[in-house]
Protein chains: 2
Amino acid sequence: MRDVAALAGVSLKTVSRVVNDEAGVSQDVRERVAAAVSRLDYRPNLAASNLRRTGARTGVVGALVQDLSNSFSASLLRSLEDSARLRGTAVLAASLDEESDREVELVHDLVTRRVDGLVLMPASERQDYLVAELRTDTPAVFVDREPRGVDADSVVVDNRAGAALATEHLLARGHRRIAALVDMESIRTASLRHAGFTDAYAGRHLPPDPRLVVTSVRSTDEATTVMHSLLELDDPPTAVFCGRNILSVGAVRALSERGLQHRVALVGFDDFPLADLLDPPLTVIRQDVRRIGSMVADLLFDRIDGNSAPPQHIVLEPTLVVRGSGEIPPPG
Amino acid sequence: MRDVAALAGVSLKTVSRVVNDEAGVSQDVRERVAAAVSRLDYRPNLAASNLRRTGARTGVVGALVQDLSNSFSASLLRSLEDSARLRGTAVLAASLDEESDREVELVHDLVTRRVDGLVLMPASERQDYLVAELRTDTPAVFVDREPRGVDADSVVVDNRAGAALATEHLLARGHRRIAALVDMESIRTASLRHAGFTDAYAGRHLPPDPRLVVTSVRSTDEATTVMHSLLELDDPPTAVFCGRNILSVGAVRALSERGLQHRVALVGFDDFPLADLLDPPLTVIRQDVRRIGSMVADLLFDRIDGNSAPPQHIVLEPTLVVRGSGEIPPPG
DNA sequence: CCGCGTCGTGACAACGTTGTCAGGGACATG
DNA sequence: CATGTCCCTGACAACGTTGTCACGACGCGG
């Protein structure tokens, strides 16, 4: 900047004025400075500018998701990115892999980096630690999972109702032996989906078979293994509800390996690319990811703009997408 | 920091020393400062610190990819993130959607933000503009597509050889009427894959049917449409080569809609999740995305650490993954 | 008891900006 | 011609941090 000022024969402050498009600079000075700027390829130092300006913004928001390479997280991030771009904001993204230590660490890091806001798909069970972090008044919006131990905006789907919808869909077709594969109970979405499964049985005054309900299924491969062992029972399930997209994939794989994909019904929670091209096409509970992303962005930027109303907790209803796998009738 | 110094009864500089773990501070002063830091919940201002330090790093790298929600870009980003995390670096990610204007704009933005390095999957045909940007000596590493008009490290797969491999696989099984669906010729990877397709025919001294070669296929939906029209020809293709994962999906959809998925052979470029669960499972050319990501990271951080050797251009060989769709014989 | 090196500490300037305020010139008014 | 007003411009301090250097206390050998 000093060089630009020297070249244009003006003071530092005048360069600053031109660069920031402030009023009160004569036309010819403005042009001289602009010429010097482009000749020297000058770039303002954002860090210094933020330092000086009072309450300036860094133009960066942080997004902590479950796993960047998972289609749900990736789509969410993409949707967030689009909204952020419109506001001249960039997105720092990181994966948590359900590790709450990493969450605490990364949140701390992002707050220290002075991000303007935080989008959080928490891995931890409680986020009490956030109270201290957010004293720096960095707004945070939760997505996919509601906050606990701290109050903040959130956008989630009604996981319990969605799981119940899926299960009822199978019950209505006459299935009585329905297996359920869900992730660790400590993950809020997983336990809610488990609860929804139970709700649907309760709604018909029927008891689920506890041996068919497997929790703590963490990966696609585990889902495959679990599904194989369920199918080897003397009295195997005639249908299966999968609590997460990667588990549906694992279950489908096990069914295919046994040639049972047209015999055992399956409804999965979360849609994913190509679910409609599987054989049979997969019936799923779908969340509108792009809508979730844009609502999250709206809430977040509203906070960044200073809105300090009480936190909002938005709950979206997921929908059942009927494609074939969930409509396979029970044998006999 | 001033408050911390006051509370601990020391000078600013001493607080700085403790925070940065510098030598030359007595044990009890160190403890007093540490106590004050945690009591006041003090966070060093990274921006100010970077401003003062000579040649300091922001601990952020930028990654510009094609589309964050595309599984290839997402996996690449994830792999990059893992490497970056080990180096205490965060990743700013953005999607280009093949728009070169956006690329120029975002690169400028990232350089202005003083990122430590840049990972670029370029949308533009030439990157001459980078020469000016990189005068600020921000290192850049190209991925998936080699640089043109500027010299920089790159990691790509041998697109031409991969496409030839796919095509030859079909030719070897007796197919003579092979369709090819590729993206815009202006995208380097697309034109190379197209060239590979031609190479394979040339290798057998056979001419491809130009009516079966469709370029500028941009989306899954377009691929579906194109595939349908090809199948309606009097002399339809008996096999198809798809130049990109999303095009394979579109082609599979068209084949499924016509019940031809077991009659027409298909080999796609780029693997994707669930390709093995389709009916029939998809034969593809696979790039090792995680390996690419980690090589890119290694090159980039090496540059950030000051290596100024001539740029390296790493070319990885893709592999053919045989799963079924590519082994369907021609009729008769 | 003196000189010297070592160790812990602090004062000060500087990083690249911008907010504040004051100065000087042009012009209009009385 | 004195005075007031407006417009443009620049000097200076400050944002939060760290590199440099200097200072005083201490211990040691002569």
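Below, chains carry the letters A, B, ... as their sequence lines are ordered, and counting in each starts from 1.
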Undergrad: Between B:N45 (CG) and C:dT17 (P), how many Å, whole number?
TA: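 B:N45 atom CG is separated from C:dT17 atom P by 16 Å.
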Undergrad: Look for any protein N or O under 3.5 Å of an N or O in nucleotides 24-28 of chain C and output each such pair with its distance, or none.
TA:
none

Undergrad: Using atom CG of B:D3 as one end and atom C1' of D:dG16 as the other, report the distance to the nearest whole Å.
TA: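 Whole-Å distance recorded here is 12 Å.
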Undergrad: Considering all heavy atoms of both residues, which atom of B:V315 and which atom of B:V157 are nearest to each other, and what is their separation?
TA: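 Taking B:V315 first and B:V157 second, the nearest heavy atoms are CG1-C, 4.1 Å.
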Undergrad: Are any of the side-chain heavy atoms of A:I304 and A:R87 separated by less than 4.5 Å?
TA: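 A:I304 does not reach A:R87 side chain to side chain.
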Undergrad: Do NZ/NE/NH1/NH2 and the carboxylate oxygens of B:D97 and B:R218 come within less than 4.0 Å?
TA: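 No, this pair does not count.
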Undergrad: I'd like to check B:N45 versus B:M1 (side-chain heavy atoms, cut-off strictly below 4.5 Å). Are they in contact?
TA: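 Not touching, per the 4.5 Å side-chain cut-off.
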Undergrad: For the pair B:R30 and B:D21, find out whether any cationic side-chain nitrogen is under 4.0 Å from an anionic carboxylate oxygen.
TA: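 Counted as a salt bridge, because a side-chain N and a carboxylate O are separated by less than 4.0 Å.
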Undergrad: Between C:dA14 atom P and A:R2 atom CZ, what is the distance in whole Å?
TA: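 From A:R2 CZ to C:dA14 P: 10 Å.
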Undergrad: Kindly say if A:S49 contacts the phosphate of C:dG16, meaning a side-chain N or O under 4.0 Å from OP1 or OP2.
TA: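 A:S49 to C:dG16 OP1/OP2: no side-chain N or O under 4.0 Å.
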Undergrad: Please classify the nucleic acid contact of B:R114 as base, sugar-phosphate, or nothing, using heavy-atom distances under 4.0 Å.
TA: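 Since no nucleic acid heavy atom lies under 4.0 Å of B:R114, the category is nothing.
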Undergrad: Any salt bridge between B:D109 and B:R102, counting N to O under 4.0 Å?
TA: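 Between B:R102 and B:D109 there is no salt bridge, as every charged N stays at least 4.0 Å from the carboxylate O atoms.
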Undergrad: Whether A:R53 contacts C:dT18 is assessed here as follows: a side-chain N or O lying under 4.0 Å from the phosphate OP1 or OP2. Is that the case?
TA: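 For A:R53, the contact criterion (side-chain N or O under 4.0 Å from OP1 or OP2 of C:dT18) is met.
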Undergrad: Starting from C1' on D:dT17, measure out to CG on B:L46 and report it in whole angstrom.
TA: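 After rounding, the reported distance stands at 11 Å.
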Undergrad: Among residues at least two apart in sequence or on other chains, which ones pass side chain to side chain contact (heavy atoms under 4.5 Å, CB included) with B:E22?
TA: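 With sequence neighbours excluded, B:E22 shows a side chain to side chain contact (heavy atoms under 4.5 Å, CB included) to B:K13, B:R17, B:N20, given in chain and number order.
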Undergrad: Are B:Q127 and B:R145 linked by a side-chain donor-acceptor pair shorter than 3.5 Å?
TA: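 B:R145 and B:Q127 do not have a side-chain donor-acceptor pair below 3.5 Å.
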Undergrad: Output all residues satisfying side-chain hydrogen bond (donor to acceptor under 3.5 Å, both in side chains) with B:D144, sequence neighbours left out; order by chain, then residue number.
TA: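 B:D144: no side-chain hydrogen bond (donor to acceptor under 3.5 Å, both in side chains) contacts found.
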Undergrad: Scan residues 10-24 of chain A against DNA chain D and write down, sorted by residue number, each residue with any heavy atom closer than 4.0 Å; if none is found, say none.
TA: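 Contacting residues: A:V10, A:S11, A:K13, A:T14, A:R17, A:G24.
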Undergrad: Let me check the geometry of the helix from C:dC1-D:dG30 to C:dG30-D:dC1. What is the bend angle between the axes at its two ends, five pairs each, to 10°?
TA: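 The value is 60°.
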Undergrad: Would you say B:S75's side chain and A:S69's backbone share a donor-acceptor pair under 3.5 angstrom?
TA: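 It does not hold such a pair.
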Undergrad: To the side chain of B:V25, which of C:dA13, C:dT17, C:dT9 is closest?
TA: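 Shortest atom-to-atom distance from the side chain points to C:dT9.
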Undergrad: Over all heavy atoms of both residues, which pair between A:V143 and A:V119 is shortest? Give the atoms and the distance, please.
TA: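 Looks like CG1-CG1, 3.9 Å.
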Undergrad: Can you tell whether the side chains of A:R43 and B:E133 come within less than 4.0 Å, N to carboxylate O?
TA: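 Salt bridge: yes.
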Undergrad: Give the C-alpha distance, both sets of side-chain angles, the deciding distance and a yes or no for side-chain contact (heavy atoms from CB on, under 4.5 Å) between B:L118 and B:L64.
TA: CA-CA 8 Å; B:L118 224 45; B:L64 300 182; 5.5 Å; no
Undergrad: After noting the C-alpha distance and the side-chain angles of A:R57 and A:D305, does the key distance pass the salt bridge (Lys or Arg N to Asp or Glu O under 4.0 Å) rule?
TA: CA-CA 10 Å; A:R57 296 185 185 163; A:D305 289 340; 3.4 Å; yes
Undergrad: How long is the line joining CZ of A:R52 and P of D:dG16, in whole Å?
TA: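 So the two atoms are 10 Å apart, to the nearest Å.
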Undergrad: Whole angstroms only, please: what is the CG-C1' distance between B:L51 and C:dT18?
TA: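 Whole-Å distance recorded here is 13 Å.
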Undergrad: D:dG10 P sits how many Å from A:M1 CE, rounded?
TA: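 To the nearest whole Å, that distance equals 12 Å.
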Undergrad: Atom CG of B:N50 to atom P of D:dT18: distance rounded to whole Å?
TA: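 Value for this atom pair: 10 Å.
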Undergrad: Nearest to the side chain of A:S26, heavy atoms from C-beta on, is which of C:dC15, C:dT17, D:dC8?
TA: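 Looking only at side-chain atoms, A:S26 lies closest to D:dC8.
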Undergrad: So which one's nearest nucleotide on DNA chain C is more toward 5', B:G9 or B:A48?
TA: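 Upstream on the strand: B:G9.
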Undergrad: Of the residues in residues 29-41 of chain B, which ones touch DNA chain D at a heavy-atom distance under 4.0 Å?
TA: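 None, since no heavy atom is under 4.0 Å.
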